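Keep in mind the model is a prediction, meaning the values are calculated, not measured. Quick note: numbers below take in every heavy atom, side chains included, and nothing from hydrogens, waters or symmetry partners.
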Amino acid sequence: MDNKILKEFLRDKELKNQEFVFGIIVNIILLYIVNSVMNWNLSFITESFRGLIPLFNVVIAANLIANAALIIYRKQWLWTFTQIILSALGYLMVSSLYSVFPFTFRNIYVFYSVKFALLVAMVVMAVAVFLHGLKFVLKFILKVKP
């Protein structure tokens, strides 16, 4: 593997508190939306969405905990490890959303566009799990130096 590519892959991410604070704010808003959306009587959200709410809450809570932990304990290994966990949970959430698909769209193009977007999101999250896992193993377990 080219040393330049490996060096860039293993490069430390600059950890900024404002990113973690923003993440906490966004996740609190998402928590409110996910737990309130069934009361909004949106015509395109079916009753089966209610069964996904506990999973969404777990994923959002994990994001909140990870962001709070990274504000307190700002270490590269922890950031990389949390990215593995959060990407895996995100994959689980999106794949559940895809399989249950609690939406009814009248327009067939919207229906298939949303299904396709969920598939793309699953692929991206699976790749993220793999790459963050590879980085964690190379950098923090095997201590590879580029």
side-chain contact (heavy atoms from CB on, under 4.5 Å) with Asn39: which residues, sequence neighbours excluded?
none
Can you hop from Ile141 to Val144 via hydrophobic side chains spaced under 4.5 Å?
yes
Distance in Å, Gln83 CD paired with Trp79 CH2, rounded so as to fall on 0.5 Å steps:
4.5 Å
Leu86 and Ala66: which non-hydrogen atoms are nearest, and at how many Å?
CD1-CB, 3.8 Å
For Ile71 and Asn17 the tightest heavy-atom approach is CA-OD1, 3.8 Å
For the CG atom of Leu138 and the NZ atom of Lys143, what is their distance to the nearest 0.5 Å?
12.0 Å
If you apply the rule side-chain contact (heavy atoms from CB on, under 4.5 Å), what do you find for Leu42 with Ile45, and how did you get there?
CA-CA 6 Å; Leu42 300 174; Ile45 296 182; 3.8 Å; yes
I'd like to know if Val21 and Ile65 are part of one continuous hydrophobic network [Ile/Leu/Val/Met/Phe/Trp/Tyr, side-chain heavy atoms within less than 4.5 Å].
no
Would you mind reporting whether Phe136 and His132 have side-chain heavy atoms less than 4.5 Å apart?
no
Is it possible for you to say whether Val58 and Phe49 belong to one hydrophobic cluster, with membership spreading through side-chain heavy-atom contacts below 4.5 Å?
no
From CD1 (Ile24) to CD (Glu19), nearest 0.5 Å:
12.5 Å
For residues 97-104, which side-chain N or O atoms pair as donor and acceptor with protein atoms under 3.5 Å away, sequence neighbours left out?
residue : atom : partner : partner atom : Å
Ser99   : OG   : Ser95   : O            : 3.2
Ser99   : OG   : Ser96   : O            : 3.2
Thr104  : OG1  : Ser43   : O            : 3.4

Any chance NZ of Lys75 has more than 12 other-residue heavy atoms, nucleotides or ligands included, within less than 6.0 Å?
no
Measure across Val129 and Ala88 and return the closest heavy-atom pair with its distance rounded to 0.1 Å.
CG2-N, 3.4 Å
Rounded to the nearest 0.5 Å, how far apart are CG of Asn35 and CG of Asn57?
4.0 Å
Rounded distance (nearest 0.5 Å) linking atom CG of Leu10 with atom CG of Asn3:
9.5 Å
Within-4.5 Å side-chain heavy-atom neighbours: Phe44 and Phe111
no
How far apart are the C-alpha atoms of Ile33 and Trp40, what are their side-chain angles, what is the distance that settles it, and do they pass the side-chain contact (heavy atoms from CB on, under 4.5 Å) test?
CA-CA 10 Å; Ile33 290 170; Trp40 298 346; 4.0 Å; yes
Are any of the side-chain heavy atoms of Met125 and Met93 separated by less than 4.5 Å?
no
Mind telling me whether Phe81 and Trp77 have parallel, tilted or perpendicular rings, with 30° and 60° as the class edges?
tilted
Side-chain donor/acceptor of Lys135 to backbone N/O of Arg11, under 3.5 Å
yes
For the residue pair Asn107 and Phe105, establish whether any side-chain heavy-atom pair is separated by less than 4.5 Å.
no
Gap between atom CG of Leu89 and atom CG of Asn63 - 0.5 Å precision:
8.0 Å
Which residues, ordered by chain and number, are linked to Phe116 in its hydrophobic cluster, where ILVMFWY side chains connect at heavy-atom gaps below 4.5 Å, directly or through other members?
Val120, Val124
